[in-house]
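Here the structure comes first, spelled out in structure tokens, and everything after it is commentary.
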2 protein chains.
Amino acid sequence: MATGRTHRPATRSRGIPEATVARLPLYLRALTALSERSVPTVSSEELAAAAGVNSAKLRKDFSYLGSYGTRGVGYDVEYLVYQISRELGLTQDWPVVIVGIGNLGAALANYGGFASRGFRVAALIDADPAMAGKPVAGIPVQHTDDLERIIKDNGVSIGVIATPAGAAQQVCDRLVAAGVTSILNFAPTVLSVPEGVDVRKVDLSIELQILAFHEQRKAGEDAGAVPAAGQAVPSPAASAPAGAAAAAVPGAPAAAPLSAAAAAAADDDAVAAARKGRPEGDVPAVMPA
Amino acid sequence: MATGRTHRPATRSRGIPEATVARLPLYLRALTALSERSVPTVSSEELAAAAGVNSAKLRKDFSYLGSYGTRGVGYDVEYLVYQISRELGLTQDWPVVIVGIGNLGAALANYGGFASRGFRVAALIDADPAMAGKPVAGIPVQHTDDLERIIKDNGVSIGVIATPAGAAQQVCDRLVAAGVTSILNFAPTVLSVPEGVDVRKVDLSIELQILAFHEQRKAGEDAGAVPAAGQAVPSPAASAPAGAAAAAVPGAPAAAPLSAAAAAAADDDAVAAARKGRPEGDVPAVMPA
DNA sequence: CAATCTTTGTGCACGCGTTCACAAAGACAT
DNA sequence: ATGTCTTTGTGAACGCGTGCACAAAGATTG
């Protein structure tokens, strides 16, 4: 899953909870599959299973849209597909521009799911002059200089940013200034946008880190339960002030049966934290663009 | 952001809330940036701004990790970077395999954020024999036949699925059988996995649909507030049973300017929806792989 | 037409997550 | 030492989301 969520606080749009909106596409996909198999109706139980959610939740979600089911029978597949599509605004055409045609941008341009459901890749934009004119996924790449014109000519309101982190905010500003009001950001940066502009973020690095957290936890449990409290850690930088904490770099947190490592490491790791220089990793820049 | 979230219901891992875990990578990134600029300390206010969250939330998040701040001063950057890294399990090496080296898979392999922070692309796997041996991002692609061996030889516990939707579940099953316990899924499908296996999903199509929903809403409001209730829609399939239901969609919930598009469309779209066969869009298959 | 069976729609309770607001802790100046 | 000022850490209130459990609605059968 993607992460982050820079939406209006919790302004339940219209009357539909944000959490429900996020699941509608899931239901829609499951319904579309059923539709293709010419299945006329489905029960909340079946559909919920297909969408990977619990049936009570699904029924409640649908109840926000209206009473589209028939007791004792279930939901009419075609009818529901239409209702959800309409609710999501998929009955209209949404021209989209992708900025940053690197590996990721190209992948997105080729992404089948984009073209379907009303989304149309109106243009591909990149800052590299060498890319200009070159076709990607059948669409010629245009130069950043024309960004504003492209947005306006095509009436684009949704932009996808797949540039390196460093260029993201600038691109974002230009998109917004040109009229874009919804942005899907793949660059690992927090974008600041004016009120009224929606930003959704997809961050691969974050997803992996979350998985690592759970993975570590699982390993820890398997290996004999790491002290639940686990805070055998030294005291904060209390005594050791900022800058100084840098020099002392003891052995790296060795790797024993997975968990033991974490626990044992904790002890002197406090000092390990000190190893200045390149403290952890790098700045997760995205594609080479 | 990615979507979906197939985690254990709400089993607050250890003591750290899931929501907090999801934000730690965000803080870590902001802290790393500060560290590179050799900033010694930060206040919760500053760091929160950099990470795009509210300071109270950040302080509470950190409080779950322990008391790592100094009142009146703030947090020691280096120290905090270390603590969060350790908490997320980033102090150890995480070999990762990417299955499905299409456009997306290649983009992921080249993704800089992957290599950083302890994640190491141990292998690239694809079902296409023609791909075998061909280097992508400096790593030779291997054939699916060797999947199990690769997983075991490298002690991989995290797998990334970037295959077409149709192959995802099968690949998933093989990964799990071979020992993988955490999966990052880019294929637009609901994966079913045994207890104990974590799955996170990133679905581009869903993100766009959510944006479209809000976009439609904004357009509607601008154009003179679409009837908040807006459910002037016909009655469900109540009277009109299954198959026929498609046709029985009377006038759409009228509308003004912008929303007019949706409304107008709705009218015949109802019928359009009826056009069986390929009712709405297609099955959002991912990369051509 | 009555009885039975299936499945929806929802009232209700519970728990997680967010936010406020403030006391406590420590730095720093005098 | 004492006082002031800054910033953390957290108790408490609130709101959203989830899931249970069941009444109501409609299909279906006899």
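Lettering follows sequence order; numbering is per chain, from 1.
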Might you list the N or O atoms of the protein lying below 3.5 Å from N or O atoms in nucleotides 9-13 of chain D, with each pair's distance?
unit_1	atom_1	unit_2	atom_2	d
D:dG9	OP1	B:Gly69	N	3.0
D:dG9	OP2	B:Tyr75	OH	2.7
D:dG9	O4'	B:Arg71	NH2	2.9
D:dG9	N7	B:Arg59	NE	2.9
D:dG9	O6	B:Arg59	NH2	3.2
D:dG11	O6	B:Lys60	NZ	3.2
D:dA12	N6	B:Lys60	NZ	3.1

Next item on the list: Could you state the atom-to-atom distance from CG of B:Asn54 to P of C:dG17 in whole Å?
Entry: 16 Å
Notebook entry, point to check: Could you state the CD-C1' distance from B:Glu45 to C:dA21, rounded to the nearest angstrom?
Noted result: 14 Å
Check: Once you round it to whole Å, what is the distance between P of C:dG9 and CG of A:Leu65?
Finding: 10 Å
Next item on the list: Return the nearest nucleotide to the side chain of A:Pro17; candidates are D:dG17, C:dT18, C:dA27.
Entry: D:dG17
Notebook entry, point to check: Can you list every salt bridge (Lys or Arg N to Asp or Glu O under 4.0 Å) pair that touches residues 60-70 of chain B, not counting sequence neighbours?
Noted result: B:Arg23-B:Asp61
Notebook entry, point to check: Who are the side chain to side chain contact (heavy atoms under 4.5 Å, CB included) partners of B:Ser55, not counting sequence neighbours?
Noted result: B:Ser44, B:Glu45, B:Ala48, B:Arg59
Item checked: Pairing residues for B:Ser182 by the side chain to side chain contact (heavy atoms under 4.5 Å, CB included) criterion, not counting sequence neighbours -> A:Leu211, A:Glu215, A:Lys218, B:Ile158, B:Asp198
Notebook entry, point to check: Between B:Asp76 (CG) and C:dG26 (C1'), how many Å, whole number?
Noted result: 16 Å
Margin query: Taking 4.0 Å as the cut-off, does a side-chain nitrogen or oxygen of B:Ser44 come that near to OP1 or OP2 on D:dT8?
Written below: yes
Next item on the list: Assess the pair B:Tyr68 and B:Tyr75: is the distance between their ring centroids shorter than 6.0 Å?
Entry: no
Item checked: Residues forming a side chain to side chain contact (heavy atoms under 4.5 Å, CB included) with A:Val190, sequence neighbours excluded -> none
Margin query: One pair to check against side-chain hydrogen bond (donor to acceptor under 3.5 Å, both in side chains): A:Glu36 and A:Thr32. What are the steps and the verdict?
Written below: CA-CA 6 Å; A:Glu36 281 169 353; A:Thr32 301; over 6 Å; no
Margin query: Go nucleotide by nucleotide along DNA chain D from the 5' end; which of B:Val42 and A:Val73 gets its closest nucleotide reached first?
Written below: B:Val42
Next item on the list: Would you mind reading off the distance between B:Tyr27 atom OH and D:dT8 atom P, rounded to a whole angstrom?
Entry: 13 Å
Note to self: On the nucleotide D:dT7, are OP1 or OP2 found under 4.0 Å from the side-chain N or O atoms that B:Ser43 carries?
What the structure shows: no
Check: Got a sec, which residues hit side chain to side chain contact (heavy atoms under 4.5 Å, CB included) with A:Asn54, two or more places apart in sequence or on another chain?
Finding: A:Ala56, A:Lys57
Note to self: In whole Å, I'd like the distance from the CD atom of B:Glu18 to the P atom of C:dG15.
What the structure shows: 19 Å
Notebook entry, point to check: Quick one: A:Leu24 CG to D:dG17 P, roughly how many Å, whole number?
Noted result: 13 Å
